[in-house]
Amino acid sequence: MPPRSGRVWRKRRLPFGSTAGRAISRPWSTTTRPLRSSVGKCPRGLRFCATMPPMSWRRKIEARMREIVRRDEKITREVWDRDAAITFFDGIGERYKAEYIGEIPEGEEISLYRQGDFVDLCVGPHLPSTGYLGEAFKLMNVAGAYWRGDPKNPQLQRIYGTAFGSQKELDQYLFQLEEAERRDHRRLGRELDLFHLGEEAVGSVFWHPKGWTLYRTIEAYMRGRLDAAGYQEVRGPLLLDRSLWEASGHWENFRENMFIAESRDERVLAVKPMNCPGHVLIFSNRLRSYRELPLRLAEFGSCHRNEPSGALHGLMRVRGFIQDDAHIFCTEDQVTGEAIACCKLLLSIYRDFGFEDVEIKFADRPTVRVGSDAVWDRAEHDLKAAVETAGLTYTLNPGEGAFYGPKLEFHLRDALGRQWQCGTVQLDFNMPGRLGAVYVGEDGARHTPVMLHRAILGSMERFIAILTEHYAGRFPLWLAPVQVVVASITSEAADYAAEVARECGAAGLRVELDASNEKITYKVREHSLAKVPIMLVVGRREAANRSVALRRLGGKEQEALALGEAVARLKEEAAVAWSS
RNA sequence: GCUGCCGUAGCUCAGUGGUAGAGCACUCCCUUGGUAAGGGAGAGGUCGAAAGUUCAAUCCUUUCCGGCAGCACCA
């Protein structure tokens with residue numbers, strides 16, 4: 001299962017901790033341009049900010065930064081003796097910084113950078129003078145951050161900012177942020193009446209008719225692809241006995257995040273946080289033969305995870321969600337072929353949804369894991385071999401594998417250039433054994449199958465959020481919840497409009513009729529705002545010669561078409577052509 | 001979960017220690033209008049919840065709930 005967050009975009013929101021912090025407390029220091037500060041969690045910048053009225057000082061700090069930039073002070077590097085540095089920073093009350101220096105490994109230089117009367121610890125390197133920062137920067141926001149990223153440590157205030165080589169680039173970036181806000185799926189979800197989230201079910205989605213139509217369209221498409229790819233769909237129970245989760249290792253690793261339900265008897269049940277144990281039970285319900293392998297079990301599996309409240313974010317991170325999950329039980333020999341087929345299927349599906357730019361990452365063993373190193377060695381080797389054989393390039397994501405096996409992560413780039421991890425293919429030599437899955441091999445002996453976990457869209461909820469933002473709510477025709485609105489110009493054309501709508505419906509198009517008592521300009525505006533791809537406008541003229549005026553979303557022109565031709569054409573346009 | 005901020009009509013937001021307002025949306029009426037807002041009227045709120053301070057709380061205090069941003073987490 002992929003992590004369900006993962007906005008890689010934040011790479012561009014640069015930690016300004018040190019820079020802005022210095023501007024508040026003391027003269028000024030330095031920075032590189034653009035500000036790719038490697039010391040993101042600079043303690044000095046954070047410490048005193050804690051008592052700072054959050055946003056109100058932003059302008060003052062910025063103004064002060066600009067002053068320092070204009071002074072164009074020279075920046076010089078100094079190497080200090082460790083103890084002297086600690087004493088110095090302790091002496092000026094920089095407790096955190098002194099602590100930090102104490103932990104710099106022996107043999108590494110303690111480098112300080114000086115500008116004017118200000119000196120600070122930094123690995124550097126720095127540009128020659130403060131003027132190099134330029135003025136194309138902006139402080140963005142302030143938020144708490146744990147000292148050294150550990151929740152056990154006190155939280156300090158971190159200032160975020162961003163900097164570019166020119167004002168033009170900065171403006172462009174700021175515009176992109178605004179664009180992201182306009183596309184925010186939470187906002188579009190409301191505006192397009194797709195879903196809502198409420199206090200009555202924190203972290204779960206109330207799907208409205210239009211949102212659920214979109215959901216079902218995606219699900220139907222996926223079913224078609226899975227059937228064609230040799231998967232068999234199953235459905236497992238939502239509540240499963242505690243003992244199963246103990247056997248799978250989830251109880252130990254994720255108990256805090258599981259919803260527990262009590263039953264009438266002494267049994268403790270858990271609402272399933274994932275589908276694999278259920279699929280293993282289906283596999284193991286009878287003795288399996290090697291002839292049945294590879295056995296591909298797919299499920300639109302409903303999962304619940306008690307995510308920390310602060311992690312919840314629209315549809316991107318919810319407590320109740322549906323995974324497009326599957327588990328492939330196979331022999332060791334079949335692993336490579338199956339993994340390759342998975343990769344191809346995933347990429348083809350992403351193309352159909354409009355994602356051409358996909359990055360594959362290989363995530364290897366995490367610190368907390370089950371299984372021996374020998375088994376991990378084999379799993380990592382086999383999975384890597386599969387991607388390579390498929391002729392795909394990948395990058396490494398060390399230590400990010402699942403606790404039971406390494407995984408391939410599929411990151412999609414959206415229209416705004418942001419990356420989202422959706423699919424994963426995970427190779428698992430551990431779970432089948434832990435849960436006692438076996439098959440009878442050609443040799444008549446019992447063997448433990450290998451299991452491939454894979455999700456393509458990840459969570460349906462999150463994928464719909466990504467799709468919504470990718471298309472800014474203007475879904476391609478095959479996905480649009482309402483594909484066509486038939487709008488009448490006068491009430492005289494209302495009967496004909498109803499007939500047009502019926503024809504569209506009969507052709508399988510998702511159509512709405514607007515015969516309301518409004519001007520056509522008003523209707524055009526309404527349905528344009530609702531981002532309906534096609535409007536068929538009919539007035540007296542069209543009613544008389546049985547035609548329609550076809551208007552596309554955002555278009556200025558209309559096309560006059562015979563009714564039958566328009567319907568046939570739209571039907572064809574709305575059909576999904578699978579990528580190979 | 002942590003830190004900070006926020007919570008007033010369906011939505012976006014004004015506002016005040018003496019129980020509240022706008023625009024849009026909604027309902028009704030007039031209007032039958034040819035491609036992004038025709039006109040009028042009406043209805044709609046226990047001001048997130050509970051305690052406290054006060055003669056009096058939507059406003060001040062505390063706690064809780066929810067949201068937002070970041071952190072941490074993400075099988």
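Proteins get letters first, then strands, A, B, ... in listed order; numbering begins at 1 in each.
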Let me spell it out: for each of A:Asn257 and A:Val202, pick the nucleotide of RNA chain B with the closest heavy atom. Which residue's pick is nearer the 5' end?
A:Val202
Qualifying residues under salt bridge (Lys or Arg N to Asp or Glu O under 4.0 Å), relative to A:Asp364, sequence neighbours excluded
none
What residues, two or more places apart in sequence or in another chain, satisfy ring pair (Phe, Tyr, Trp, His ring centres under 6.0 Å) together with A:His208?
A:His196
According to salt bridge (Lys or Arg N to Asp or Glu O under 4.0 Å), who are the partners of A:Arg235, at least two apart in sequence or on a separate chain?
none
Euclidean distance, atom CD of residue A:Glu307 to atom C1' of B:rA72 [Å, nearest integer]
13 Å
Atom pair distance, as rounded to whole Å: CG in A:Leu312 and P in B:rC71:
16 Å
Could you work out the separation of B:rU54 and B:rC59 based on their C1' atoms and round it to a whole Å?
13 Å
From A:Ser459 atom OG to A:Ile464 atom CD1, the distance as rounded to the nearest 0.5 Å
8.5 Å
Using side chain to side chain donor-acceptor pair (under 3.5 Å) as the criterion, list what pairs up with A:Arg365, not counting sequence neighbours.
A:Asp377, A:Glu380
Donor-acceptor pair under 3.5 Å: do we get one between A:Glu542's side chain and the base of B:rG34?
yes
With nearest nucleotides of RNA chain B determined for A:Ile520 and A:Glu199 from heavy-atom distances, which residue corresponds to the more 5′ nucleotide?
A:Ile520
For A:Arg255, report the nucleic acid contact type (base, sugar-phosphate, nothing); a contact means any heavy atom under 4.0 Å.
nothing
Apply ring pair (Phe, Tyr, Trp, His ring centres under 6.0 Å) to A:Phe195 and list each qualifying residue two or more places apart in sequence or on a separate chain.
A:Trp207
What integer number of Å spans the P atoms of B:rG7 and B:rG15?
11 Å
Lys/Arg-Asp/Glu bridge criterion (N-O < 4.0 Å) met for A:Arg569, A:Glu565:
yes
Report all interatomic pairs (protein N or O, nucleotide N or O of nucleotides 9-12 of chain B) with separations under 3.5 Å.
{"unit_1": "B:rU12", "atom_1": "OP1", "unit_2": "A:Arg190", "atom_2": "NH2", "d": "3.4"}

Once you round it to whole Å, what is the distance between C1' of B:rA25 and CG of A:Asp193?
12 Å
Integer-rounded Å distance: B:rG40 P and A:Glu518 CD
14 Å
Which nucleotide wins on minimum distance to the side chain of A:Thr521, given the candidates B:rA36, B:rG66, B:rC74?
B:rA36
Measure the shortest side-chain to side-chain distance between A:Tyr394 and A:Lys361 over non-hydrogen atoms and say whether it is less than 4.5 angstrom.
no
Aromatic ring pairing A:Trp245/A:His250, orientation class (parallel under 30°, perpendicular over 60°, tilted between)
perpendicular
If the P atom of B:rA14 is compared with that of B:rC60, how far apart are they to the nearest Å?
15 Å
Answer yes or no: does a side-chain N or O of A:Tyr522 lie under 4.0 Å from OP1 or OP2 of B:rA25?
yes
A:Thr490 side chain near B:rG34 phosphate (N/O to OP1/OP2, under 4.0 Å)
no
Can you tell which of B:rG1, B:rA75, B:rG34 lies closest to the side chain of A:Lys407?
B:rA75
Sequence neighbours excluded, which residues qualify as ring pair (Phe, Tyr, Trp, His ring centres under 6.0 Å) partners of A:Phe429?
none
Please measure how far the C1' atom in B:rC29 lies from the corresponding atom in B:rC64, and state the result in whole Å.
47 Å
The complete set of salt bridge (Lys or Arg N to Asp or Glu O under 4.0 Å) pairs with one or both residues in residues 486-497 of chain A, sequence neighbours excluded, reads A:Glu492-A:Arg540
P atom, B:rC13 versus B:rG18: distance in rounded Å?
25 Å
What does A:Ala549 touch in the nucleic acid at a heavy-atom separation under 4.0 angstrom: a base, only the sugar-phosphate, or nothing?
base
Considering only NZ, NE, NH1 and NH2 on the basic side and carboxylate oxygens on the acidic side, decide whether A:Glu181 and A:Arg186 come within less than 4.0 Å.
no
Nearest to the side chain of A:Pro308 - B:rA75, B:rG1, B:rU35?
B:rG1
Could you run through RNA chain B and flag its stems, i.e. three or more consecutive Watson-Crick or G-U pairs with both distances under 3.5 Å?
B:1-7 with B:65-71, B:10-13 with B:21-24, B:26-30 with B:38-42, B:48-52 with B:60-64
Distance between P atoms of B:rA37 and B:rA69 (Å, rounded)
33 Å
Can you find a donor-acceptor pair, distance only, under 3.5 Å between A:Arg317 side chain and B:rC73 base?
yes
Using a cut-off of strictly less than 4.0 Å between a heavy atom of the residue and any atom of RNA chain B, enumerate the qualifying residues of residues 523-531 of chain A by number.
A:Val524, A:Arg525, A:Ser528, A:Leu529
A:His313 vs B:rG70: side-chain N/O to OP1/OP2 distance below 4.0 Å:
no
When the C1' atoms of B:rG66 and B:rA49 are considered, how many whole Å apart are they?
10 Å
Qualifying residues under ring pair (Phe, Tyr, Trp, His ring centres under 6.0 Å), relative to A:Phe259, sequence neighbours excluded
none
Looking only at atom C1', what distance separates B:rC74 and B:rU61, rounded to whole Å?
38 Å
Between A:Ser491 and B:rU32, is there a contact of a side-chain N or O with OP1 or OP2 at under 4.0 Å?
no
According to salt bridge (Lys or Arg N to Asp or Glu O under 4.0 Å), who are the partners of A:Arg187, at least two apart in sequence or on a separate chain?
A:Glu191
